[in-house]
Amino acid sequence: MIIMLPQQDMSESIMRRVYVVYFFRRLMYPVIAEMVIIAGAIAVSTISVSFGDVIANAQQVSSMSAFLNYIVGAVLHTEIGMQLSLLVGAGVSVFFIWKISRTISTVRGTLGEARFAQQ
């Protein structure tokens, strides 16, 4: 049994697919590069930091303010290479989140314009 969709429903279905492909093409290449940078920062940090010990010590902290003091103290009293690695990882992560949110808003705006133009 073949179900025929009205012309507008079919157009919306096709355009939805086009926008999904557009979204992933616009997002994938920068995402791969940023993920490689984040993975590199994590790899560098695992060389000089025992994350198991850091997590074990962090679990002994009782309040949120003490936890933040622990984190700040741990970062300030570590080696320069580790601080730079954390800085690069945090910067790329913030840029990554900003780029994803901007791409989503662009696709939503374009989708809204396409729906408005169809009416």
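As the structure is a prediction and not an experimental result, all values here were calculated from the model.
Side chain of S101 to backbone of W98: a donor-acceptor contact under 3.5 angstrom is found. Distance alone, capped at 3.5 Å, is enough to place a donor-acceptor pair between the S93 side chain and the G89 backbone.
Residue S63 holds its OG atom at 8.0 Å from CG of N69, rounded to the nearest 0.5 Å. Atom CG in L86 sits 10.0 Å away from atom CD1 in I71 (nearest 0.5 Å). One finds the OH atom of Y70 at 15.0 Å from the CE atom of M64 (value rounded to the nearest 0.5 Å).
Contact of the L87 side chain with the Q83 side chain is not registered, since no non-hydrogen atoms from C-beta on lie closer than 4.5 Å.
V92 and L84 end up in different hydrophobic clusters when Ile, Leu, Val, Met, Phe, Trp and Tyr side chains are linked at under 4.5 Å. Linking Ile, Leu, Val, Met, Phe, Trp and Tyr whenever their side-chain heavy atoms come within less than 4.5 Å leaves F95 and V88 in two separate clusters.
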